[in-house]
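These numbers were taken from a predicted model, which means no experiment stands behind them.
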Amino acid sequence: MYLLGFSDLEKLFSKIDLNNDGVVSIDELTQLLDKVGVQITADELQGIMGKTNLNLQEFVAFYESLSAQIEEEEESSDDEEKYLLEAFKVFDLNHDGFITCEELHIVLLKFGLLGESSDGDCNKMICRFDLNSDGKLDFEEFRYMMLLNASP
């Protein structure tokens, strides 16, 4: 992620401060965010900002806080991707980039999650998440399955 320097933030602040009163109001910031496609209400923005307007120093601190949150979310997303890839590799026994019904059955048996005669269950799992109907799960289909099942 690209972070703006102080001089860039000063320029941005002066562009957002439409009435040149030395503070950026919620309305001014909402207008900017709307222009760049971020849909947020004034009430939501005030909840985030904690006040109705920001001077330059507060604006810089606000920007740095949001940047840190975004960076943290990106790192968390990268970690999640790594864990999913490692889990996928556990099931992809022949390392061909796909999980077949047989591979799923073998791994679930190893973990004690299925009985010996549960091939039908594995077929149902594969079919449910096999978005391209090729009879096996690729990584994207596996990710979809795992993230969908992780949702409350």
Hphob cluster co-occupancy, Leu18 + Val24, side-chain heavy atoms under 4.5 angstrom: no

Co-membership, hydrophobic cluster, residues Tyr83 and Val90, 4.5 Å side-chain: no

Minimum heavy-atom distance Met125-Leu108, with the two atoms named: CE-CD1, 3.6 Å

Check against side-chain contact (heavy atoms from CB on, under 4.5 Å), Leu12 and Tyr63: CA-CA 11 Å; Leu12 180 59; Tyr63 171 82; 5.7 Å; no

His95 NE2 to Phe88 CZ distance, which is reported to the nearest 0.5 Å: 11.0 Å

Where Leu29 and Phe62 come nearest, the two heavy atoms and their spacing: CD2-CE2, 3.8 Å

Backbone N/O of Asp96 and side chain of Asp92: donor-acceptor pair under 3.5 Å: yes

Intermediate values then yes/no, side-chain contact (heavy atoms from CB on, under 4.5 Å), Glu140 and Leu131: CA-CA 9 Å; Glu140 293 304 316; Leu131 302 176; over 6 Å; no

Option from Asn53, Val23, Ile16 for which side chain to side chain contact (heavy atoms under 4.5 Å, CB included) with Phe59 holds: Ile16

Test: Arg143 and Glu81 ion pair at under 4.0 Å: yes

Spatial distance of atom CG (Leu56) from atom CZ (Phe13) [nearest 0.5 Å]: 5.5 Å

Taking every non-hydrogen atom, the tightest pair across Ile40 and Ile48: CD1-CD1, 3.6 Å

Qualifying residues under side chain to side chain donor-acceptor pair (under 3.5 Å), relative to Glu28, sequence neighbours excluded: Ser25

Derivation of the side-chain contact (heavy atoms from CB on, under 4.5 Å) call for Gln46 and Thr52: CA-CA 6 Å; Gln46 185 173 350; Thr52 58; 3.5 Å; yes

Shortest non-hydrogen contact between Asp17 and Gly22, atoms and distance: OD2-N, 2.8 Å

Co-membership, hydrophobic cluster, residues Phe98 and Tyr144, 4.5 Å side-chain: no

Asp130, Asn123, Asp121 screened by side chain to side chain contact (heavy atoms under 4.5 Å, CB included) with Cys101, the one that passes: Asn123

Test side chain to side chain donor-acceptor pair (under 3.5 Å) applied to Glu44 - qualifying residues, sequence neighbours left out: Thr41

Which residues share a side chain to side chain donor-acceptor pair (under 3.5 Å) with Asn19, sequence neighbours left out: Asp21

Glu80 and Leu147, any side-chain heavy atoms less than 4.5 Å apart: yes

Phe142 and Phe91 aromatic ring geometry - parallel, tilted or perpendicular at 30°/60° bounds: tilted

Donor-acceptor under 3.5 Å (Glu141 side chain, Ile99 main chain): no

Pairs involving residues 58-67, ordered by first then second residue, that meet salt bridge (Lys or Arg N to Asp or Glu O under 4.0 Å) (sequence neighbours left out): Lys51-Glu58

Residue pairs involving residues 19-47 (criterion ring-ring contact (aromatic ring centres under 6.0 Å, His included); sequence neighbours excluded): none

From CD1 (Ile126) to CD (Glu103), nearest 0.5 Å: 8.5 Å

Ile26 side, atom CD1; Met49 side, atom CE - distance, nearest 0.5 Å: 4.5 Å

Contacts of Lys110 that satisfy side chain to side chain contact (heavy atoms under 4.5 Å, CB included) - sequence neighbours left out: Ile106

